[in-house]
Amino acid sequence: MSFPDVSARAAVTPTTLDVKNLSGALDAGKQKLQAQLSGKLDLGNVTSGLMRVTVAGKGVDLPAEAPVIFPASWRDMWRGHSPAGVADVSAEAGVRINLPPNPASSQPAVQVSNWLALDGYTVRLALKNGSLKETAWPESPTGIAGKIEVVPGRVSMTGMTGALGGIQLAWTGQVD
């Protein structure tokens with residue numbers, strides 16, 4: 001795994017770090033991810049600020065464990081269903097950093113830890129040949145494909161298809 005192409009533009013003052021653009025590409029065999037970070041940190045307030053993060057990748061294997069930035073309930077759900085497969089991924093998020101936590105700050109969309117929160121986010125997956133490991137069902141869904149979009153409070157699915165044993169499935173909809 002390597003970061004072959006990393007570039008950054010930033011401005012530093014005694015009280016702020018203003019990241020104009022920090023971008024890079026992660027090359028891990030057939031998987032390629034590109035990431036970009038921008039935002040401003042207030043160093044005079046110990047460290048606080050709002051950063052904008054974007055990530056995109058094609059042909060990315062879904063990880064065995066949910067990313068640690070996910071809330072605990074999402075990680076538990078991931079562990080319980082063991083999703084697997086390949087997806088094209090894009091995500092944008094506002095990441096609020098507060099060291100120490102700032103009690104005067106407004107409530108973020110998702111609190112990740114005492115000092116890190118997602119202020120808003122959009123995650124898009126174009127899932128290809130996915131599967132779930134459902135222990136409570138007689139069969140596990142396989143061959144899952146379609147588009148999934150996750151924003152605070154809503155998961156939308158478009159053109160989803162899959163199989164449950166010999167039954168072919170197709171669905172579109174959203175869950176709040």
Side-chain angles (χ1 to χ4, degrees), residues 1-7 21-39 51-96 107-113 116-176:
M1 206 180 302
S2 63
F3 284 90
D5 183 22
V6 176
S7 63
N21 183 14
L22 172 63
S23 62
L26 170 63
D27 189 350
K30 69 180 179 95
Q31 300 180 40
K32 297 189 185 320
L33 285 174
Q34 294 182 339
Q36 186 173 28
L37 176 74
S38 62
M51 304 300 280
R52 190 91 197 132
V53 179
T54 61
V55 177
K58 294 218 179 262
V60 177
D61 290 327
L62 296 179
E65 291 289 322
V68 294
I69 197 165
F70 282 10
S73 62
W74 292 18
R75 291 192 309 267
D76 290 344
M77 183 176 64
W78 192 285
R79 203 171 4 268
H81 298 291
S82 301
V86 175
D88 294 342
V89 178
S90 70
E92 304 96 33
V95 178
R96 183 182 303 165
Q107 187 66 2
V110 176
Q111 190 73 35
V112 177
S113 71
L116 185 66
L118 297 178
D119 238 22
Y121 57 87
T122 302
V123 177
R124 292 180 188 89
L125 300 170
L127 192 57
K128 306 169 186 179
N129 198 26
S131 65
L132 298 173
K133 190 181 284 184
E134 295 295 334
T135 56
W137 297 1
E139 298 274 345
S140 291
T142 59
I144 301 169
K147 294 183 180 180
I148 301 171
E149 181 178 80
V150 181
V151 297
R154 189 181 77 237
V155 176
S156 300
M157 295 167 277
T158 308
M160 300 296 296
T161 60
L164 189 60
I167 302 170
Q168 294 299 311
L169 305 169
W171 68 98
T172 295
Q174 77 178 34
V175 177
D176 294 327

For this session: Quick one: which residue pairs count as a side chain to side chain donor-acceptor pair (under 3.5 Å) with a foot in residues 154-168, not counting sequence neighbours?
Result: Arg154-Ser156

For this session: Not counting sequence neighbours, list each pair that qualifies as a salt bridge (Lys or Arg N to Asp or Glu O under 4.0 Å) and has a residue in residues 165-176.
Result: none

Problem set entry | Verdict with supporting geometry, Ile144 and Met160, side chain to side chain contact (heavy atoms under 4.5 Å, CB included) | CA-CA 7 Å; Ile144 301 169; Met160 300 296 296; 3.7 Å; yes

Exercise. Hey, does the side chain of Thr172 reach the backbone of Gly159 with a donor-acceptor pair shorter than 3.5 angstrom?
Worked result: yes

For this session: Report the C-alpha distance between Leu62 and Leu127 in whole Å, list the side-chain angles of each, state the deciding distance to 0.1 Å, and finish with yes or no for side chain to side chain contact (heavy atoms under 4.5 Å, CB included).
Result: CA-CA 9 Å; Leu62 296 179; Leu127 192 57; 3.9 Å; yes

Exercise. Side chains of Glu149 and Val151: closer than 4.5 Å at any heavy-atom pair?
Worked result: yes

Exercise. Which heavy-atom pair separates Trp78 from Glu65 by the least distance, and what is that distance?
Worked result: NE1-C, 3.8 Å

Exercise. Heavy-atom distance under 4.5 Å between the side chains of Val150 and Leu125, does that happen here?
Worked result: no

For this session: Examine distances only and state if a side-chain atom of Ser140 and a backbone atom of Glu134 form a donor-acceptor pair shorter than 3.5 Å.
Result: yes

For this session: Taking all non-hydrogen atoms of both residues into account, name the closest pair between Pro152 and Tyr121 and its distance.
Result: CD-O, 3.2 Å

Result block: side-chain N/O donor-acceptor pairs under 3.5 angstrom for residues 85-92, not counting sequence neighbours:
{"unit_1": "Asp88", "atom_1": "OD1", "unit_2": "Gly59", "atom_2": "N", "d": "2.9"}
{"unit_1": "Asp88", "atom_1": "OD1", "unit_2": "Lys128", "atom_2": "NZ", "d": "3.2"}
{"unit_1": "Asp88", "atom_1": "OD2", "unit_2": "Lys128", "atom_2": "NZ", "d": "3.1"}
{"unit_1": "Glu92", "atom_1": "OE1", "unit_2": "Arg124", "atom_2": "NH1", "d": "3.4"}
{"unit_1": "Glu92", "atom_1": "OE2", "unit_2": "Arg124", "atom_2": "NH1", "d": "3.4"}

